[in-house]
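For reference, the structure is listed below as structure tokens.
Protein chains get the first letters and strands the later ones, always in sequence-line order, with residue 1 at the start of each. Quick caveat, the model's predicted, so the values are computed rather than measured.
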Number of protein chains: 2
Amino acid sequence: MTTIKDVAKKAGVSVATVSRFLNDSGYVSADAAKAVTAAVDELKYELNPVARSLNTKKSNLIGLILPDITNPFFPELARAVEDVALTYGYTVVLCNSDENPEKEKNYIETLKKKYIAGFIVTSNQLDAPHYANANVPIVALDRAINDKIPVVSSNNKEGAVIGTNALLERGCRNVLFLRGPEELNPANDRYDGFMEAIRQSDADYQVVTCPFHFADSQKVVEQALQDNPSIDGIFASSDVSAAGALKAAGTIGRQVPDDLQIVGFDGVAMGEMLSPGLTTVAQDVYKMGAVATRVLIKQIENKKIEQSFYEVPVKLVIRGTTRSVAE
Amino acid sequence: MTTIKDVAKKAGVSVATVSRFLNDSGYVSADAAKAVTAAVDELKYELNPVARSLNTKKSNLIGLILPDITNPFFPELARAVEDVALTYGYTVVLCNSDENPEKEKNYIETLKKKYIAGFIVTSNQLDAPHYANANVPIVALDRAINDKIPVVSSNNKEGAVIGTNALLERGCRNVLFLRGPEELNPANDRYDGFMEAIRQSDADYQVVTCPFHFADSQKVVEQALQDNPSIDGIFASSDVSAAGALKAAGTIGRQVPDDLQIVGFDGVAMGEMLSPGLTTVAQDVYKMGAVATRVLIKQIENKKIEQSFYEVPVKLVIRGTTRSVAE
DNA sequence: ATATTATGTGTAACCGGTTACACATTGCAG
DNA sequence: CTGCAATGTGTAACCGGTTACACATAATAT
């Protein structure tokens with residue numbers, strides 16, 4: 001392995017000069033620069049990042065902390081993070097937290113010892129003070145930790161308004177809202193959006209809380225549909241719940257979309273594969289990940305961050321679980 | 001930050017003794033051991049992994065190279081890898097290769113500079129010689145690189161036999177096999193399994209090659225079904241393709257499972273959410289990941305590896321796209 | 001002409017560990 | 001009693017970089 005000393009010798013300068021040249025720090029004459037470039041080329045020198053880290057107490061590792069990569073929301077996020085990290089020369093460490101604050105803390109401590117450059121955090125159980133005191137750049141997704149930590153989030157409330165109106169415009173008079181867990185910020189924003197939209201109409205509605213789980217949602221919806229046959233629209237605050245609702249509708253013998261319309265929230269790939277295809281309020285998850293990563297890298301590189309709150313727009317994707325709009 | 005020197009001073013011994021104690025290398029007297037333990041405790045000393053890496057040229061990073069975490073097969077794999085890595089004190093670096101050999105090479109080079117401990121590789125385009133010469137522990141998934149590199153794989157051929165027989169036993173007389181890309185090893189094994197099973201029956205069959213993509217599969221199946229209405233069973237070599245087939249069946253007006261039965265391969269979560277639920281040959285993806293990681297860590301820690309080929313069993317999951325077996 | 005300042009470079013300390021080697025001791029065999 | 005192996009410990013070199021500081025020279029200001 002060729003080291004900076006080899007390069008220095010070959011170029012006929014000191015290691016300090018080589019280092020200064022490579023890091024573009026301090027003065028280096030044109031002659032020296034040329035000699036070093038040549039030596040680097042010839043020896044195919046590549047800097048050892050570990051040795052550098054030991055000195056600078058920095059690395060180009062980014063930690064991505066998320067509850068569970070298995071949850072269909074996260075792979076795309078991870079993909080986005082990895083893509084932009086790669087362009088900027090960073091490497092992504094995957095951390096599944098299971099929403100467990102102990103695990104999160106543990107990752108933070110472990111990775112800080114490796115001089116991790118920063119974290120992107122998606123979590124709802126997160127131990128806010130711990131993050132606040134982590135003393136390392138952080139960007140949060142969907143959840144404010146404190147006002148120093150930038151947040152990127154979908155426009156959940158507006159998305160819920162759009163989703164609700166989609167049902168209303170298509171003639172729904174009694175809509176069931178599948179509310180997500182109350183600990184989840186985004187779920188609450190969606191609830192607010194739903195309430196705002198539904199109150200501006202004269203439609204009936206009811207709200208049921210259920211976790212973002214397929215089987216649970218299916219059960220809950222079956223029950224609700226049996227108890228109240230006049231429900232003619234369901235707005236689920238996640239696609240997985242919507243899938244559960246769709247299945248429940250099938251089981252009970254309700255025709256979607258003729259007899260019952262369904263709108264989901266998230267825009268995961270699965271929505272397309274259902275029959276009928278799921279109409280949904282799609283988040284631009286990739287964009288969220290990309291924005292979060294860029295903001296994080298800006299922070300890492302001490303560039304100014306213009307805002308501390310980034311909202312990514314949301315889009316209604318119409319598929320088969322809703323009818324066409326009555327004019 | 002407390003260093004090994006602080007500990008040495010506090011314990012009244014030299015850094016060498018501390019290091020020997022911490023690494024359980026060389027001789028350390030009981031007295032010294034006690035003093036060091038106490039000092040470590042008191043100072044809350046934690047070893048700096050970067051400094052250690054610089055010396056030992058080893059780290060506890062594991063690289064997970066896969067085509068695209070967004071592909072529903074991989075999150076669960078990643079999860080398994082991360083879980084077992086964590087128990088053994090390793091950290092996982094996520095690498096999306098897009099099946100691009102250049103990207104793969106690049107990751108390998110970049111991470112080797114960080115003294116990565118080893119790689120788990122899932123790829124079909126992989127540059128075999130490059131891996132073979134990487135000079136770092138590797139475990140491959142689903143694809144043999146050379147006989148020195150252990151492989152873990154599902155029992156694809158047997159799975160295909162089971163899946164095919166599931167259709168045959170349920171009365172299918174004309175089955176369409178959706179063959180995956182020919183570059184993919186597992187896809188070919190599945191093809192072999194299908195052929196073996198179908199030839200032992202007197203059923204008609206046809207084979208169509210199509211990528212593991214929803215929309216493509218849907219299109220291909222629509223066409224096939226229109227061209228040949230006597231098809232009464234479809235065996236798709238991936239669940240995503242099966243989902244496409246199911247959708248196509250719906251579009252064309254075929255009743256599943258009464259009129260047409262479908263079996264997929266993979267066992268991704270989505271299968272359950274479809275209506276009817278997808279009968280499929282489920283791989284134990286989590287187990288594959290876990291096995292691969294354990295084998296890798298054994299390699300890393302220079303323990304003997306018993307075998308170089310690990311086959312994870314596969315299981316038929318019966319849901320709604322197949323009928324009950326006629327007695 | 002002299003004082004500053006900007007430019008350019010090398011030496012050596014340092015980051016926080018590991019480990020080769022030298023130097024004790026102690027125990028036991030011959 | 002001597003010799004050699006086993007046990008125990010410290011000093012200092014080393015891993016491969018970065019950077020403070022000292023020093024030298026050229027350019028500019030006064």
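- The base of dG17(D) lies close enough to the side chain of N55(A) for a donor and an acceptor atom to sit less than 3.5 Å apart.
- At dT9(C), one or more side-chain N or O atoms of S29(A) fall inside 4.0 Å of OP1 or OP2 (strictly under the cut-off).
- dG16(D) atom C1' lies 11 Å from atom CZ of R52(A), rounded to whole Å.
- Contact annotation: N23(B) side-chain N/O to dT18(C) OP1/OP2 distance is under 4.0 Å.
- Straight-line distance from the NZ atom of K34(B) to the P atom of dG8(D): 15 Å, rounded to whole Å.
- Between I4(B) and Y45(B), the closest side-chain pair of non-hydrogen atoms falls below 4.5 Å.
- At least one side-chain heavy atom of T122(B) sits less than 4.5 Å from a side-chain heavy atom of F74(B).
- Put simply, CZ on F21(A) is 15 Å from P on dG17(D), counting in whole angstrom units.
- Contact between the side-chain N/O atoms of K57(B) and the OP1/OP2 oxygens of dT18(C) is not found at any separation under 4.0 Å.
- For dG16(D), neither phosphate oxygen OP1 nor OP2 lies less than 4.0 angstrom from any side-chain nitrogen or oxygen of T3(A).
- Mapped onto DNA chain D by nearest heavy atom, T17(A) and R20(B) fall at different nucleotides, with R20(B) at the one closer to the 5' end.
- In this structure, the NZ atom of K9(B) is 13 Å from the P atom of dT11(D), given to the nearest Å.
- We find that D98(A) and R79(B) are joined by a salt bridge, their nearest charged nitrogen and carboxylate oxygen being less than 4.0 Å apart.
- If one axis is set at each end of the helix from dA1(C)-dT30(D) to dG30(C)-dC1(D) from five pairs, those axes are 40° apart, to 10°.
- Ranked by how close their nearest DNA chain C nucleotide is to the 5' end, Y27(A) and G12(A) are led by Y27(A).
- Here the P atom of nucleotide dC15(C) and the CE atom of M1(B) are 11 Å apart, to the nearest Å.
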Worked check of side-chain contact (heavy atoms from CB on, under 4.5 Å) between L184(A) and F212(A): CA-CA 11 Å; L184(A) 264 66; F212(A) 288 163; 3.8 Å; yes
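- Judged purely by atom type and a 3.5 angstrom limit, K5(B) has no side-chain atom pairing as donor or acceptor with the backbone of V15(B).
- Neither OP1 nor OP2 of dT18(D) sits under 4.0 Å from any side-chain N or O of K58(A).
- In this structure, the OH atom of Y115(A) is 17 Å from the P atom of dG17(D), given to the nearest Å.
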